[in-house]
Amino acid sequence: MAQARVRLPPAGPTPATAFFSGSNPRPDHLPYSSKRAPASLCAATAAANAPPAPIVVVGSANADIYVEVDRLPLAGETVAARAGRSLAGGKGANQAACGGRLALGPIYLVARVGDDANGRLLEGALADAGGVRTDRVARAPDAPSGHAVVMLMPDGQNSIIIVGGANMQGWAAGIGAEDLELIQKAGVLLLQREIPDWVNTQAAQAAKSAGVPVIMDAGGMDAPVPRDLLSLVDIFSPNETELARLTGMPTETFEQISQAAGECHKMGVKEVLVKLGSRGSALFVEGEKPIRQPIIPATEVIDTTGAGDTFTSAFAVALVEGKPKKECMRFAAAAASLCVRVKGAIPSMPDRESVMKLLGSVQVE
């Protein structure tokens, strides 16, 4: 199936992409000093000044239809919504938008949208989000853009129904050679489960072949994760509900969560990063003591949509910057705390300055 690739200008300067397809060509003449510094000093200076390697997100982009309701309807019942609107979302787009606002280096989104109004909504929202390179987003002419219905309750909790559209049907030719090359040059690859598992597997194989860490968010399809895909994942990140569903084990207590994470280890995943909602998060590294991170309380919870994506993306941003895992979790907790204070997924993604300011005001635990 032929696909038209959308070539949009970069959302901002991306100096680390000089050798990627579609970036600025290398100049013919470079400025230099007649007195050369020692090679080791030059290399050390370049390494210190270079931005982090790119983060590549391969995943979904949805047009989210928000409806604010007092409660969910019962079977056969119709309820009136207090308000409704359409916003850009999808786990892949959410994570890319969050990374675009937090990362020091470039963020790329590899995704599929339909050649329709929702596709144009998504392209515009991602371009406006800032920091996201969208030239790897392609239009699938024979499939509509993915969309979702988000039912938002007064306490900020939500229930979501997803229609896959181009996210599931737009990958007939797989991931293109240029995009696979981009993945192999990334600092980390972010995946979710709102696109076909075989596409995720193709992306993860490319990353593994180049030694690029793979983080996979468990959100999306409720089917079991194929073992061949899990074996390629470095950090698997479910919430407690997804962890229970995927392992068939209870996750009500921390001990139960630890045992379920251990089951993931048996499936081939060495690190399991569990998002625990109001209980914070926990990282289970095989053979090591769990690392726990409490929540950083929000002044007010308006909408939890996108909070998990914000956490996962912020963790990846800190990881690429070389921070210790505990510090990555704290950075992610701060980003998620800011996210839930605003309605909508992409509109709620915080910027780096806000996250650092919040971290500066919170006592380290």
Side-chain angles (χ1 to χ4, degrees), residues 10-17 50-59 61 87-111 125-134 136 186-192 212-217 219 235 237 273 275 280-281 283 293 295-296 298 303-342 344-362 364:
T14 53
T17 63
I55 294 175
V56 177
V57 183
V58 178
L87 296 170
K91 295 187 74 64
N94 291 346
Q95 291 178 12
C98 178
R101 291 176 179 171
L102 296 178
L104 297 174
I107 307 292
Y108 286 83
L109 175 63
V110 179
L126 287 167
D128 293 341
V132 183
R133 290 290 299 263
T134 55
R136 308 293 175 141
V188 68
L189 170 67
L190 275 175
L191 302 174
Q192 322 81 39
V212 175
V214 178
I215 300 176
M216 186 167 122
D217 191 302
I235 302 176
S237 184
L273 178 61
K275 300 178 284 279
S281 60
L283 176 63
Q293 170 64 47
I295 64 165
I296 296 177
D303 182 4
T304 59
T305 307
D309 294 327
T310 297
F311 182 94
T312 304
S313 182
F315 181 91
V317 167
L319 188 68
V320 164
E321 293 173 9
K323 292 181 172 62
K325 298 287 176 61
K326 176 62 177 175
E327 193 173 338
C328 292
M329 295 174 70
R330 189 166 178 267
F331 184 80
S337 174
L338 292 170
C339 169
V340 301
R341 308 177 193 198
V342 181
I346 289 178
S348 70
M349 304 299 178
D351 58 35
R352 188 181 183 93
E353 182 180 358
S354 299
V355 172
M356 299 308 293
K357 182 178 179 180
L358 177 60
L359 286 173
S361 67
V362 176
V364 177

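Inter-residue side-chain proximity for Asp303 and Ser348 is flagged as unmet; no heavy-atom pair is nearer than 4.5 Å. Between Val212 and Val56 there is no side-chain heavy-atom pair separated by less than 4.5 Å. The shortest distance between side-chain heavy atoms of Asn94 and Gln192 does not fall below 4.5 Å. Looking at Met216 and Leu189, their side chains never come closer than 4.5 Å, going by heavy atoms from C-beta outward.
Between the SG atom in Cys328 and the CD1 atom in Ile235 there is a gap of 8.0 Å [rounded to 0.5 Å]. With rounding to the nearest 0.5 Å, the separation of OH in Tyr108 from CG in Leu190 is 15.5 Å. Rounded to the nearest 0.5 Å, atoms OG (Ser313) and CD1 (Ile55) are 6.0 Å apart. How far CD1 of Ile295 is from CZ of Phe311: 12.0 Å, rounded to the nearest 0.5 Å. One distance of note links CG of Leu102 with OG1 of Thr310; it measures 8.0 Å at 0.5 Å rounding. The CD1 atom of Ile296 sits 5.5 Å away from the CZ atom of Arg330 when rounded to the nearest 0.5 Å.
Residues Leu104 and Pro52 share a closest heavy-atom pair of CB-CD, 3.7 Å. Shown here for Gly100 and Val132, the closest heavy-atom pair between the two residues is CA-CG2, 4.2 Å. What you find for Ala307 and Ala336 is that their closest heavy atoms are O-CB, 4.0 Å. A pairwise comparison of heavy atoms in Gly92 and Leu109 identifies O-CD1, 3.8 Å as the closest pair. When all heavy atoms of Ala332 and Phe315 are compared, the pair lying nearest together is CB-N, 3.8 Å. Heavy atoms only, all atoms of each residue included: Val188 and Ala316 are closest at CG1-CB, 4.2 Å.
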Quick one: do Leu87 and Ile346 satisfy side-chain contact (heavy atoms from CB on, under 4.5 Å)? Show the steps, please.
-> CA-CA 8 Å; Leu87 296 170; Ile346 289 178; over 6 Å; no

- Can you check side-chain contact (heavy atoms from CB on, under 4.5 Å) on Lys325 and Leu319, steps first, answer last? CA-CA 7 Å; Lys325 298 287 176 61; Leu319 188 68; 3.5 Å; yes

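Listed by chain and residue number, nothing satisfies the salt bridge (Lys or Arg N to Asp or Glu O under 4.0 Å) test with Lys357 (two or more places apart in sequence, or in another chain).
None of Lys275, Lys91, Gln95 except one satisfies the side-chain hydrogen bond (donor to acceptor under 3.5 Å, both in side chains) rule with Thr312; the exception is Lys275.
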